[in-house]
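Here is the structure we will look at, set down as structure tokens.
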Amino acid sequence: MPEHKVLISEEHIQERVRDIAREINEQYAGCTLDIICVLKGALLLTTDLIRNLTIPVRVHFLHVSSYGGETESAGTVSLRFSSVSEDLTGRDVLLIEDIVDTGITMDYLLKQLREENPRSLRSCVLLDKPSRRKINVIPEYVGFEIPDHFVIGYGLDYRELSRNLRYIAILDPSEYQKKD
Ligand code: IMP
């Protein structure tokens, strides 16, 4: 395995996640929050975040895909699986994503969720790459803004690998230039 260039350390991530959880606890005090975890990338963020939430939460999962094993988005999003079996009408909903890049995925998901008529709908992402935006989506809770690198770790993958890294690393371009 090549040496990874660490962009954000485990300690830094954990600290930021605790800060975001604190903000959410304050903002939603007195409410029950319906959290929608977007698989697979938001899995680690969701589990760490909910451990730090003290308000009541329900957790749902959606599985979307847009990359198909490449480092550039295909530009279309497909919903592969949804565990949102309950009616979200009148609920406070928080969408949790790993990263906003072009914004296409988040825009698609927010539009779908808005049709459920929630009382409130916000989004939370670990990473934001604003320089790559094609659709103007602005998440309410952002862990870190990052420059235009393809990154892996803490849920984010390249060809399904590296999600288990406890930190965020920049994928070495030699990795995706290799043809297998
Ligand atoms: P968007 O639709 O272009 O905003 O892309 C959103 C999805 O693309 C994310 O949920 C990720 O799954 C994936 N993605 C975007 N950038 C990266 C990256 O740097 N590393 C890993 N996955 C990424």
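Residue numbers start at 1 and run along the sequence shown.
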Exercise for the section: Determine the minimum heavy-atom distance between Leu121 and Arg114, stating which atoms define it. Expected result: CD2-N, 3.9 Å

Exercise for the section: Scan for salt bridge (Lys or Arg N to Asp or Glu O under 4.0 Å) pairs involving residues 88-97, sequence neighbours excluded, and state none if there are none. Expected result: Asp34-Arg91, Glu86-Arg91, Asp92-Arg119

Exercise for the section: Answer with yes or no whether the hydrophobic clustering places Val59 together with Tyr141; edges join I, L, V, M, F, W, Y residues whose side-chain heavy atoms lie under 4.5 Å apart. Expected result: yes

Practice task
Give a yes or no on whether Leu44 and Ile50 share a hydrophobic cluster (residues Ile, Leu, Val, Met, Phe, Trp, Tyr; joining criterion: side-chain heavy atoms under 4.5 Å apart).
Solution key: yes

Handout entry: Gap separating the CG atom of Asp48 from the CG atom of Leu43, nearest 0.5 angstrom
Key = 9.5 Å

Exercise for the section: To the nearest 0.5 angstrom, please state how far the CD1 atom of Ile135 sits from the NZ atom of Lys111. Expected result: 6.0 Å

Completion exercise
Here the gap from Leu62 atom CG to Leu109 atom CG, rounded to the nearest 0.5 Å, amounts to 6.0 Å

Practice task
Using modelled atom types only, decide if a donor and an acceptor are shared between the side chain of Lys5 and the backbone of Asp172 within a distance under 3.5 Å.
Solution key: no

Practice task
Assess whether side-chain contact (heavy atoms from CB on, under 4.5 Å) is satisfied between Val57 and Tyr28, documenting all intermediate values.
Solution key: CA-CA 10 Å; Val57 294; Tyr28 291 94; over 6 Å; no

Handout entry: Spacing of CG belonging to Leu94 relative to OG belonging to Ser123, to within rounding of 0.5 Å
Key = 7.5 Å

Practice task
Quick one: closest heavy-atom pair of Arg58 and His60, and the distance?
Solution key: CB-NE2, 4.0 Å

Exercise for the section: Please check if the side chain of Asn25 supplies one atom and the backbone of Asn52 the other of a donor-acceptor pair under 3.5 Å. Expected result: yes

Exercise for the section: Consider only side-chain heavy atoms of I, L, V, M, F, W and Y, link residues closer than 4.5 Å, and tell whether Ile13 and Val6 are in one cluster. Expected result: no

Exercise for the section: Step by step, work out the side-chain contact (heavy atoms from CB on, under 4.5 Å) result for Ile35 and Leu53. Expected result: CA-CA 11 Å; Ile35 285 186; Leu53 292 180; 3.7 Å; yes

Practice task
Indicate if Val137 and Val93 have the same hydrophobic cluster label, given that clusters are the connected sets of ILVMFWY residues with side-chain heavy-atom separations under 4.5 angstrom.
Solution key: yes

Completion exercise
Residues Ser131 and Asp148: closest non-hydrogen pair is OG-CB, 3.8 Å

Give every donor-acceptor pair under 3.5 Å between a side-chain atom in residues 16-23 and any protein atom, sequence neighbours left out.
from  : atom 1 : to     : atom 2 : distance (Å)
Arg16 : NE     : Gly143 : O      : 2.9
Arg16 : NH2    : Val142 : O      : 2.9
Asp19 : OD1    : Arg22  : NH1    : 3.1

Practice task
Can you see which heavy atom on Cys31 is nearest to which on Pro56, and at what distance?
Solution key: O-CD, 3.4 Å

Completion exercise
Interatomic distance, CG@Asp107 vs NZ@Lys134, rounded to 0.5 Å, equals 13.0 Å

Problem - Atom pair CZ (Arg122) and CD1 (Ile24), whose distance is rounded to the nearest 0.5 Å - result: 9.5 Å

Problem - Verdict with reasoning, Ile8 to Leu127, per side-chain contact (heavy atoms from CB on, under 4.5 Å) - result: CA-CA 10 Å; Ile8 308 168; Leu127 304 173; 3.6 Å; yes

Practice task
Kindly give the heavy-atom pair with the smallest separation between Glu10 and Tyr167, and that separation in Å.
Solution key: N-CB, 3.9 Å

Handout entry: Hydrophobic cluster membership, Leu110 vs Val64, 4.5 Å side-chain cutoff
Key = yes

Problem - Validation row: Glu160, Lys40 side chains within 4.5 angstrom (heavy atoms) - result: yes

Exercise for the section: Look at atom CD of Glu115 and say whether more than 12 heavy atoms of other residues, nucleotides or ligands are closer to it than 6.0 Å. Expected result: no

Problem - For Ile99, the option from Asp128, Ile168, Ile146 that meets side-chain contact (heavy atoms from CB on, under 4.5 Å) - result: Ile146

Exercise for the section: Kindly assign one of parallel, tilted or perpendicular to the pair Tyr158 and Phe150, based on the angle between their ring planes and the thresholds 30° and 60°. Expected result: perpendicular

Handout entry: Test item: Glu116 side-chain N/O and Thr89 main-chain N/O as donor-acceptor pair under 3.5 Å
Key = no

